[in-house]
Amino acid sequence: MTILNWLRELPIIDDVADTIDIFAEFFPEEDASSIIVGDYAELRDNMFWTVGEDGLDTRERMLTDFALEPVVSDERGKILKGLWRDPLTGFESSDPSDFDIDHRIPFRVIADRFPDLYELPRDEQLAIYNDTGNLQVIHDVHNLEKGAAKPIEHAREFPDATVRDEFLQKCTNYMRQLREQFS
């Protein structure tokens with residue numbers, strides 16, 4: 001989650017951002033699909049959650065799909081309430097702002113391991129960045145604590161061996177998928 005997205009979780013910042021969004025329709029938009037980035041810093045700075053055919057962005061899709069009970073949204077579709085449990089820590093809450101959508105394998109690791117990623121068109125880069133096969137819903141405090149730890153380092157912290165094994169298996173499967181895509 002970018003710092004801007006994190007800040008947007010704060011109600012006052014979200015209100016200001018919504019106000020800015022209202023005025024954005026008066027300014028021409030750059031076609032994001034035409035931007036091709038050439039290094040990790042640029043790639044990271046230009047990534048964002050994409051909106052699917054159902055109108056939900058990646059974050060909303062993950063929160064909806066991994067909620068333990070049906071989510072409640074406002075008229076704009078912003079998720080207000082649900083019930084989520086961090087599979088890694090067991091933390092549970094009905095407040096969506098308590099959770100981040102995090103890459104199991106940090107995106108920097110992916111970008112470093114597969115430099116051909118920089119050669120892909122913007123929409124293909126975004127598809128990899130937003131691939132739900134590499135995303136998880138986790139407690140925001142836990143996400144900040146783990147930082148950009150590699151999966152094996154992160155997994156060592158899991159108290160539950162079954163959860164740890166499942167996490168590492170998902171990481172392995174996703175890396176296999178990427179190796180096939182870039183070979």
Side-chain angles (χ1 to χ4, degrees), residues 1-10 13-14 17-18 20-21 24 29-37 40-88 91 93-111 113-114 117-118 120-144 146-148 151 154 166-167 170-171 173-175 177-178 181-182:
M1 171 177 269
T2 66
I3 210 124
L4 181 58
N5 287 341
W6 180 80
L7 285 172
R8 199 166 174 158
E9 294 294 324
L10 301 171
I13 301 296
D14 189 46
D18 289 342
I20 291 169
D21 289 344
E29 287 186 26
E30 182 176 0
D31 179 11
S33 65
S34 67
I35 300 170
I36 298 177
V37 294
Y40 177 72
E42 189 178 355
L43 184 69
R44 182 197 63 232
D45 291 344
N46 286 293
M47 288 300 173
F48 54 88
W49 298 131
T50 54
V51 177
E53 292 178 10
D54 58 4
L56 298 177
D57 69 27
T58 310
R59 176 179 169 76
E60 293 164 338
R61 167 62 38 224
M62 292 292 294
L63 287 172
T64 300
D65 289 351
F66 289 93
L68 301 175
E69 61 185 38
V71 298
V72 176
S73 302
D74 66 13
E75 63 280 350
R76 297 177 317 183
K78 181 178 178 182
I79 296 174
L80 303 173
K81 186 179 162 193
L83 181 62
W84 299 273
R85 181 180 305 116
D86 180 335
L88 312 177
F91 174 81
S93 175
S94 62
D95 184 352
S97 69
D98 286 338
F99 293 90
D100 285 345
I101 307 305
D102 183 51
H103 293 93
R104 282 187 190 91
I105 301 170
F107 201 70
R108 175 169 207 117
V109 171
I110 293 170
R113 180 143 327 146
F114 301 103
L117 177 71
Y118 301 119
L120 297 175
R122 175 81 170 134
D123 60 332
E124 291 180 38
Q125 291 175 354
L126 282 169
I128 294 169
Y129 182 81
N130 287 292
D131 188 336
T132 57
N134 188 38
L135 297 175
Q136 59 187 345
V137 177
I138 65 171
H139 184 212
D140 57 353
V141 172
H142 172 73
N143 191 30
L144 290 172
K146 79 167 187 63
H154 184 206
E166 183 179 314
F167 173 85
K170 287 179 180 179
C171 291
N173 293 344
Y174 190 70
M175 289 304 284
Q177 175 187 327
L178 287 174
Q181 181 175 350
F182 286 104

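Residues take their numbers from the sequence shown, with the count starting at 1.
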Heavy atoms only: give me the nearest Gln136-Leu88 pair and the separation to one decimal. OE1-CD1, 3.9 Å

In terms of heavy-atom contacts, Tyr174 and Ile105 come closest through CD2-CD1, 4.1 Å

Could you report the tightest heavy-atom contact between Glu124 and Leu120, atom names first, then the distance? OE1-CD2, 3.4 Å

How many angstroms lie between atom CG of Asn130 and atom CG of Asp123, to the nearest 0.5 angstrom? 11.5 Å

Counting C-beta onward and ignoring hydrogens, is there a side-chain heavy-atom pair between Leu56 and Val51 closer than 4.5 Å? no

Short side-chain donor-acceptor distance under 3.5 Å, Ser97 and Asp95: yes

Taking atom CG of Leu68 and atom OG of Ser94, what is their separation to the nearest 0.5 Å? 11.0 Å

Hey, could you give me the CG/CE distance between Leu135 and Met62, rounded to the nearest 0.5 Å? 5.0 Å

Arg104 and Pro151 have their tightest heavy-atom pair at O-CG, 3.7 Å

Measure the spacing between CG of Leu178 and CD1 of Ile128 and express it to the nearest 0.5 Å. 6.0 Å

Holding to ring-ring contact (aromatic ring centres under 6.0 Å, His included), I want the full list of residues that pass it with Phe182, two or more places apart in sequence or in another chain. Phe114

Show the numbers, then the answer: is there a side-chain contact (heavy atoms from CB on, under 4.5 Å) between Ile101 and Val137? CA-CA 5 Å; Ile101 307 305; Val137 177; 3.7 Å; yes

The ring-ring contact (aromatic ring centres under 6.0 Å, His included) partners of Phe167 (sequence neighbours excluded) come to His154, Phe158

So does Leu117 get a backbone contact from the side chain of Gln125, meaning a donor-acceptor N/O pair under 3.5 Å? yes

Rounded distance (nearest 0.5 Å) linking atom CG of Leu63 with atom CH2 of Trp84: 5.5 Å

Atom CZ of Arg113 and atom CE of Met175: how far apart are they, to the nearest 0.5 Å? 4.0 Å

Would a 4.5 Å heavy-atom cut-off, applied to side chains only, mark Phe91 and Asp140 as touching? no

With distance as the sole test, does Asp74 use its side chain to make a donor-acceptor pair with the main-chain N or O of Arg76 at under 3.5 Å? yes

Does the side chain of Ile110 come within less than 4.5 Å of Asn134's, by heavy atoms? yes

